[in-house]
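These notes concern the structure reproduced below.
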Amino acid sequence: MIRVQAEDFDPGAELAAFSTGNGKVGGICMFLGLVRDYLGDHPGQGAGVNAMTLEHYPGMTERQLAAVEAEARDRWPLHAVLIIHRHGRLEPGERIVLVATASSHREAAFQSCHFLMDWLKTKAPFWKIEHTDQGDQWVAAKEADDDAARRWDR
Amino acid sequence: MIRVQAEDFDPGAELAAFSTGNGKVGGICMFLGLVRDYLGDHPGQGAGVNAMTLEHYPGMTERQLAAVEAEARDRWPLHAVLIIHRHGRLEPGERIVLVATASSHREAAFQSCHFLMDWLKTKAPFWKIEHTDQGDQWVAAKEADDDAARRWDR
Amino acid sequence: MNVLYFAWLRSRIGVGEEILVVPESVTTTGALVAWLKTRSDGHAQAFADLKLVRVAVNQDYVGWDHPITPADEVAFFPPVTGG
Amino acid sequence: MNVLYFAWLRSRIGVGEEILVVPESVTTTGALVAWLKTRSDGHAQAFADLKLVRVAVNQDYVGWDHPITPADEVAFFPPVTGG
């Protein structure tokens with residue numbers, strides 16, 4: 001299931017709805033992405049971030065996320081997939097994204113969740129602009145994210 | 001933090017307490033292991049499982065899990081680690097284990113959570129006995145689990 | 001043709017969407033960019049380095065030689081930074 | 001010496017814990033197993049194939065040549081299956 005929304009979500013409630021405990025699911029892997037309060041890769045390195053705004057491409061976002069979900073289901077035996085991604089203005093500590101996968105096997109749950117995040121990072125049309133005391137700044141894409149996604153090439 | 005307990009836990013509440021959203025955490029990875037209702041690797045392959053009982057070695061369990069947590073913290077920059085493992089009688093669909101890691105970076109969160117599960121699977125002194133209509137049966141250790149843990153050798 | 005711009009391409013060009021009548025000779029995404037660059041300094045600046053630009057036709061990623069028709073939705077944006 | 005058994009080793013031996021006075025000549029985990037096997041058929045059966053048995057001294061995994069003293073807690077169990 002794919003949800004793209006401005007509103008916050010409750011990971012616990014999402015997880016409770018997701019893990020129906022139907023006796024076939026052996027493992028659930030969940031990733032939760034949060035807004036950090038600093039620029040760059042390390043705390044204290046750059047300026048503080050007061051907030052960020054996530055712009056997206058409505059329509060294409062849902063389309064690309066659905067394609068990513070389909071790819072994951074094709075690669076691993078999954079009982080359920082959930083992707084929630086927020087857009088709009090977000091402050092440090094706020095939730096940005098949740099990805100969860102349920103499988104009979106732990107390895108499939110871990111790998112598919114990791115894959116979904118890596119692909120989402122390079123394919124889902126979202127763009128972050130960070131609001132700092134020094135002004136606004138569009139976040140540049142990271143080489144490391146491309147490398148992470150390429151791991152899953154086949 | 002390590003908890004070994006007979007009681008169930010609420011993953012949502014655990015996650016809420018865990019993800020303080022302090023502005024430094026960029027990603028949380030969580031794995032939740034559940035009791036399946038079948039024996040063997042594939043549904044429908046073996047007999048149905050009515051329940052299982054997890055025996056453990058009190059004292060050594062906590063000691064080994066603490067060692068595994070320390071190893072993860074040594075390998076990745078983690079803001080928080082949570083391991084909850086239940087023992088006693090568990091029915092299909094019930095929660096067995098929760099592992100969560102919080103880091104500034106998604107890759108560290110994913111890898112450390114995966115590592116903790118793989119190591120826990122081969123080092124934490126728990127033993128499962130499955131209760132089926134055909135009688136009780138101690139679960140045999142899996143080669144695949146040893147292989148999974150060996151990935152992290154260094 | 002419906003042309004969309006996102007993130008810093010939108011900031012530089014000044015609008016997020018243009019409905020354009022494109023010359024018949026413009027039949028690929030690459031040709032569209034060459035033509036768009038003549039429309040304003042903002043356009044020229046936005047498309048100065050195509051290594052920093054991605055293009056989607058009808059919401060799928062495509063390359064710079066992808067065919068386009070007047071009925072298409074064409075979007076330009078920087079590499080994505082969500083998640 | 002406090003000796004513990006878990007899972008099917010406990011089932012076969014019939015008890016989960018024994019407090020034993022071990023001969024002075026028994027100074028390693030391997031020697032302890034050899035001596036335990038003489039105590040009952042259940043012990044002999046439990047330790048028939050040491051590839052299926054793990055040993056911990058004072059709650060740390062050790063090998064079959066690890067030294068032991070009367071003050072140690074020694075535990076025998078199959079490969080673990082938690083998680």
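Naming convention: chains lettered A, B, ... in sequence-line order (proteins, then strands); numbering from 1 in each chain. Note that this is a predicted model, so its numbers are computed, not measured. Values below: all heavy atoms of this structure, side chains included; hydrogens, waters and symmetry mates excluded.
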Between A/Trp127 and C/Arg10, is the side-chain contact (heavy atoms from CB on, under 4.5 Å) condition met? List the steps.
CA-CA 12 Å; A/Trp127 303 274; C/Arg10 177 177 46 69; over 6 Å; no
Below 4.5 Å, heavy-atom pairs only: which of A/Pro125, A/Gly33, A/Ala140 has the largest tally toward chain C?
A/Pro125
Below 4.5 Å, heavy atoms only, C-beta onward: do A/Trp138 and C/Ser11 meet side chain to side chain?
yes
Gap between atom CG of A/Leu54 and atom OG1 of C/Thr81 - 0.5 Å precision:
7.0 Å
Could you check C/Asp60 against A/Arg63 for side-chain contact (heavy atoms from CB on, under 4.5 Å), going step by step and ending with a plain yes or no?
CA-CA 8 Å; C/Asp60 277 322; A/Arg63 186 179 170 80; 2.7 Å; yes
Could you look at A/Ala67 and say if it's the side chain, the backbone, both or neither that has a heavy atom under 4.5 Å from chain C?
neither
Contact check, side chains of C/Phe77 and A/Glu55, non-hydrogen atoms, under 4.5 Å:
no
Verify the neighbour count for atom CG of C/Asp41: are there more than 12 heavy atoms of other residues, nucleotides or ligands below 6.0 Å?
no
So which part of A/Ile96 gets closer than 4.5 Å to some heavy atom of chain C, the side chain, the backbone, both or neither?
side chain
With respect to chain C, which residue among A/Arg86, A/Met117, A/Gln64 yields the maximal number of heavy-atom pairs within a distance under 4.5 Å?
A/Gln64
Any side-chain heavy-atom pair of C/Val80 and A/Phe126 under 4.5 Å
no
With a 4.5 angstrom heavy-atom cut-off, is it the side chain or the backbone of A/His56 that approaches chain C, or both, or neither?
backbone
Answer with side chain, backbone, both or neither: which region of C/Leu52 has an atom nearer than 4.5 Å to a non-hydrogen atom of chain A?
neither
Would you indicate whether the side-chain heavy atoms of A/Met60 and C/Tyr61 approach each other to under 4.5 Å?
yes
Heavy-atom proximity to chain A below 4.5 Å, by part of C/Arg54:
neither
